[in-house]
2 protein chains.
Amino acid sequence: MSQDSSADRPKPRERIVDTARDLFHRHGIRNVGVDSIAEAAETNKMTLYRHFTSKDALIVETLNKAAQEAEGMWHGLEVAYPGDPMAQLRAWLGQAAQCIIQDSRGCDMANAAVELTEDDHPARRVIEEFKIMQRNHLATLCKGIGVTQPDLLADALFLLLEGARVSRQSIGAEGPVSQFVRMGEIIIASFKV
Amino acid sequence: MSQDSSADRPKPRERIVDTARDLFHRHGIRNVGVDSIAEAAETNKMTLYRHFTSKDALIVETLNKAAQEAEGMWHGLEVAYPGDPMAQLRAWLGQAAQCIIQDSRGCDMANAAVELTEDDHPARRVIEEFKIMQRNHLATLCKGIGVTQPDLLADALFLLLEGARVSRQSIGAEGPVSQFVRMGEIIIASFKV
DNA sequence: TTGCAATGTTACTTACCAGTAACACGCCCG
DNA sequence: CGGGCGTGTTACTGGTAAGTAACATTGCAA
């Protein structure tokens, strides 16, 4: 064991990314300085800048990590209900609802798009690709449950989730957001046959 | 006529609010400084601070003005199709679609909620009240078109619009957003009887 | 015309933040 | 044991942003 209090904690780079994700998520990207990140990650600004060329590069890295986790979530659904897209879709609905209720700060990707308004910001590319992937995952499931307009259903569910996550931040969890699962089920049912 | 080039332009206070709204909308609140606002409003920082005690106060004022305009929009719908809630709802759907397509920057209220993360920020109260009003307006229309679950329909349409406006900023106008009107009509139809 | 009220101008303070320089330390591998 | 490599520390630069002070100007109204 090292003389440090926390023996086997991750390396600085990983701590920085994880801490930055958490702080960005809770307070917003523009409201968090690199100094705070370094301090919260129990390291310092120099080490941060040895791993990332700029704050923007760190932002991109945190979004990439978020995208990676999301991919894992989709994979998890497929593993949990193999060959049963309807079950996967229901599970997705439930997980999304849980996420919305528990977390008041919405989707990091969508929030980043709101905060980073420069057209050529490197994060915008990551955000767009991520959202396209999410929609495609949904579309794949919808194509497997036997509806006449799977793409349109996927779009509807996509917008429903986007709306719920952003509304959670403005109108709270007791408004329309609380009906998320019911609405999802009704929309799915209305597309059947 | 005054010796100024533009003869009968609004007073500084109004110019400041309008300019701030525009800049906040286009670039995000945190990305716009009071100096830029004053300059773009063709006045100066001192005059700005004589009318508003702080940047936060100006933010609140811009959101209030946005809320006021939105109320005018709802009133316009009622005037255009008096006693015909279904026509008002369709017109609302069309106007919202127009707004989403033409403007890439989403809803000022929702965006402000993303940027202003402090729980006690004075703007959060304005934002929440505004969103509740929007949902109530929708619910009023839905109660007039003869559906079994008007509140649930209102919630669905509310989230649909919220999702479309926020998605416009991440995935663009050619994705799920492009199906906004169709999805709105399908959802309304699915709630009928 | 006088005089007040709103506006304009310049300059300043204070604070924060992104990014860098120079140097010191400690740990692991050979 | 020695030498890097990653890390820590301090201090700094340059820029920007919120907010204020003091003074000049304009315009309207009595």
Heavy atoms of other groups near B:H27 NE2, more than 12 under 6.0 Å: yes
Taking any heavy-atom pair under 4.0 Å as a contact, classify A:K11: base, sugar-phosphate, or nothing. nothing
Please compare B:R13 and B:K45 by the position of their nearest nucleotide in DNA chain C and report the one closer to 5'. B:R13
Can you check the B:N44 CG to D:dA24 C1' distance for me, whole Å? 12 Å
Take atom CG of B:D56 and atom P of D:dA17, then tell me their distance rounded to the nearest Å. 16 Å
Does D:dA18 have OP1 or OP2 sitting under 4.0 Å from an N or O in the side chain of B:S54? no
Find the distance B:E42:CD to C:dG8:P and express it as a whole number of Å. 10 Å
Out of D:dT20, D:dG8, C:dA18, which has the shortest distance to the side chain of A:V34? C:dA18
From C:dA18, D:dT7, D:dA18, pick the nucleotide closest to the side chain of A:K55? C:dA18
Interatomic distance, B:F52 CZ vs D:dA17 P [rounded to whole Å]: 19 Å
Considering only C:dT20, C:dT7, D:dT9, which nucleotide approaches the side chain of B:H51 most closely? C:dT7
Judged by modelled atom types alone, do A:T47 and A:N44 share a side-chain donor-acceptor pair under 3.5 Å? yes
B:Y49 atom OH is separated from C:dT9 atom C1', nearest whole Å, by 17 Å
Between atom CD1 of B:I127 and atom OG of A:S170, what is the distance when rounded to the nearest 0.5 Å? 7.5 Å
In this structure, how many angstroms lie between the P atom of C:dT7 and the CD1 atom of B:I16, rounded? 8 Å
So which nucleotide from C:dG19, C:dT7, D:dT20 ends up closest to the side chain of B:T47? C:dT7
Please, which pairs that meet ring pair (Phe, Tyr, Trp, His ring centres under 6.0 Å) have at least one residue in residues 124-157 of chain A, sequence neighbours excluded? A:W74-A:H137
Atom-pair distance (CG on A:D35; P on D:dA11), nearest Å: 14 Å
Could you state the atom-to-atom distance from CD1 of A:I37 to C1' of C:dG19 in whole Å? 13 Å
Rounded to the nearest 0.5 Å, the CZ atom of A:R26 sits from the OG1 atom of B:T117 at a distance of 10.0 Å
From C:dT20, C:dT10, D:dT9, pick the nucleotide closest to the side chain of B:M46? C:dT10
